[in-house]
Amino acid sequence: MMLLVIVVAGFGVVTLILRLLSTHIRKYAAGGVCLSTARLDGKTVLITGANTGIGKETALDLASRGARVILACRDTEKGEEAAAEIRTRVGGAQVEVRELDLADTCSIRAFAQNFLREVNHLHILINNAGVMMCPYMKTADGFEMQLGVNHLGHFLLTYLLIGLLKRSAPARVVVVSSLAHYFGWIRFHDLHSQGSYNSGLAYCQSKLANVLFTRQLARKLQGSNVTVNSVHPGSVRSELTRHSATMSLLFALFTTFLKTPQEGAQTTIYCATAEELQSISGKHFSDCAPASVAPQGRCEETARRLWDVSCELLGIEWD
């Protein structure tokens, strides 16, 4: 009985302290803010997974700067709802919705084919869409879902659009990764987790793949006037945790410490617009500032091997 009283009292004290410090906690949790006022009039932006969360907030911000923003979404109905909201909030916003399922290479190729036929320029590509800690599933092509969507889907999309990005230069690619890459390893012996599957470790592997892809692509794009950088958006209140009851509960309990989608979008917006990053490539950012990369994310040999394996899995040649 006494133990229960102590636990309840302790919980009450912690709750009171958090409430008293909530303003300061929220200010700290919000993180960095993009201070760039750069206009994007005449620029075309493509954002994957932009119908919700930080993708939608990124689209809203870039549309307000005058860009033509194309939302590439698996669920076009939700995409149209997001586009309508952006048009309501930003007078004269140029926002379009196109169907793209990153879990299906046929969908990615069809999307790119139509895009290249109908769009003349692409100045900013934001690889934002992602899945997190889902039950074991495979994409239409037999890839483990998290690696397939978060890494391979965006790898193929970027490959198909890289020519247009080069012709539109100066251009930028922004890859949304995560601090979770620190806990990831590229399991070349079981890349698709067929031997064993842990949803958290598979997510971390996919986020590490994002960082390695960014660094290797930057090396290949040297001299092209196309830059590529990865970002950690922070811990954001979003739909990403829907597949994990544990993560959903933790996010609900510690919501004060989490960023809003608008706050989480700031580093992506920064990498897409900041004038001082015009020639910066192959770096990782968090809270609108350079961030450290895990040792396994800096290994050039791993980056080259992952690049080659990705090309082989996707049936492409990308020198």
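Keep in mind it's a predicted model, so treat the numbers as computed, not measured.
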Verdict with reasoning, Tyr136 to Gln146, per side chain to side chain donor-acceptor pair (under 3.5 Å): CA-CA 9 Å; Tyr136 187 74; Gln146 296 184 86; over 6 Å; no
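- With a 4.5 Å cut-off on side-chain heavy atoms, His284 and Pro290 do not count as touching.
- Shown here is Glu80, whose CD atom has more than 12 heavy atoms of other residues, nucleotides or ligands within 6.0 Å.
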Between His151 and Phe213, does a side chain to side chain contact (heavy atoms under 4.5 Å, CB included) hold up when you go through it step by step? CA-CA 8 Å; His151 169 60; Phe213 167 64; 4.0 Å; yes
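- At a threshold of 4.5 Å between non-hydrogen side-chain atoms, the residues Leu100 and Leu157 count as touching.
- The side-chain contact (heavy atoms from CB on, under 4.5 Å) search around Asp308 returns none, not counting sequence neighbours.
- A continuous path of hydrophobic side-chain contacts links Val228 to Ile316 [ILVMFWY only; heavy atoms under 4.5 Å].
- With hydrogens and angles ignored, the 3.5 Å screen pairs a side-chain donor or acceptor of Asn210 with a backbone N or O of Asn150.
- A centroid separation of 6.0 Å or more is found between the aromatic rings of His232 and His181.
- When side chains are defined from C-beta on, Lys207 does not count as touching Gln205, because their heavy atoms never get closer than 4.5 Å.
- Shown here is Glu312, whose CD atom has no more than 12 heavy atoms of other residues, nucleotides or ligands within 6.0 Å.
- Remark: Ser199 OG to Met137 CE distance equals 10.0 Å, nearest 0.5 Å.
- Residues passing the ring-ring contact (aromatic ring centres under 6.0 Å, His included) test with His154, sequence neighbours excluded: none.
- The OG1 atom of Thr105 sits 7.5 Å away from atom CG of Leu314, with the distance rounded to the nearest 0.5 Å.
- Side chain of Asn51 to backbone of Lys78: no donor-acceptor contact under 3.5 angstrom is found.
- Between Ser107 and Asp101, the side chains place no donor N or O within less than 3.5 Å of an acceptor N or O (distance only, hydrogens not considered).
- Cation-pi geometry between Arg305 and Phe188 is met: under 6.0 angstrom from the ring centre, within 45 degrees of the axis.
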Please walk me through it: do Leu217 and Trp307 pass side chain to side chain contact (heavy atoms under 4.5 Å, CB included)? CA-CA 9 Å; Leu217 180 58; Trp307 184 279; 3.9 Å; yes
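- Hydrophobic clustering, with ILVMFWY side chains joined whenever heavy atoms are under 4.5 angstrom apart, keeps Met133 apart from Phe183.
- Expressed to the nearest 0.5 Å, how far CZ of Arg68 lies from CG of Leu46 amounts to 10.5 Å.
- Looking at heavy atoms from C-beta onward, Leu60 lies in side-chain contact with Val90 at the 4.5 angstrom threshold.
- Within the 4.5 Å cutoff, side-chain heavy atoms of His192 are placed close to those of Leu147.
- Rounding to the nearest 0.5 angstrom, the gap separating the CG atom in Asn120 from the CZ atom in Phe115 is 10.0 Å.
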Candidate pair Leu160 and Arg109, rule side chain to side chain contact (heavy atoms under 4.5 Å, CB included), full reasoning: CA-CA 8 Å; Leu160 295 171; Arg109 290 182 181 279; 4.1 Å; yes
Pair Tyr182, Val293 - check side chain to side chain contact (heavy atoms under 4.5 Å, CB included), show working. CA-CA 7 Å; Tyr182 262 88; Val293 172; 5.7 Å; no
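- Taking a 6.0 Å sphere around CD of Glu276, one finds it holds more than 12 heavy atoms contributed by other residues, nucleotides or ligands.
- Salt bridge Glu99/Arg74: absent, no basic N to carboxylate O contact under 4.0 Å.
- Linking ILVMFWY residues whenever their side-chain heavy atoms come closer than 4.5 Å, directly or via other members, places Val309 and Leu152 in the same cluster.
- Separating the CZ atom in Arg215 from the NZ atom in Lys220 is a distance of 15.0 Å, to the nearest 0.5 Å.
- Between Ile126 and Thr48 there is no side-chain heavy-atom pair separated by less than 4.5 Å.
- Across all non-hydrogen atoms, the minimal contact from Thr139 to Glu144 is CG2-O, 4.3 Å.
- Proximity of Leu208 to Gln296: side-chain heavy atoms (C-beta onward) are separated by under 4.5 Å at one or more points.
- Ser168 places a side-chain N or O within 3.5 Å of a backbone atom of Leu122 that can act as its donor or acceptor partner.
- Residues Val97 and Ile70 form no side-chain contact, since every pair of their non-hydrogen atoms from C-beta on lies 4.5 Å or further apart.
- Two different hydrophobic clusters hold Leu179 and Val211 under the rule that ILVMFWY side chains link at heavy-atom gaps under 4.5 Å.
- Judged as a side-chain contact (heavy atoms from CB on, under 4.5 Å), and not counting sequence neighbours, the contacts of Cys34 are Ser36, Arg65, Gln266, Ile269, Tyr270, Thr273, Cys288.
- In the hydrophobic clustering of ILVMFWY residues, with side-chain heavy atoms under 4.5 Å counting as a link, Trp318 and Leu156 come out together.
- Here the closest non-hydrogen pair linking Cys271 and Leu277 is CA-CD1, 3.7 Å.
- Between the CD1 atom of Ile47 and the NZ atom of Lys56 there is a distance of 12.5 Å, given to the nearest 0.5 Å.
- Not one N or O on the side chain of Asp141 forms a donor-acceptor pair closer than 3.5 Å with the backbone of Phe143.
- A donor-acceptor pair under 3.5 Å links the side-chain atoms of Arg87 to the main chain of Val95, judged by distance alone.
- When the shell of 6.0 Å around CD of Glu118 is examined, it contains more than 12 heavy atoms from other residues, nucleotides or ligands.
- Using modelled atom types, no side-chain atom of Asp287 and backbone atom of Ala289 make a donor-acceptor pair closer than 3.5 Å.
- Under the 3.5 Å distance criterion, with hydrogens and angles disregarded, a donor-acceptor pair is assigned to the side chains of Asn127 and Thr158.
- When all heavy atoms of Ala82 and Ala50 are compared, the closest pair comes out as CB-O, 4.2 Å.
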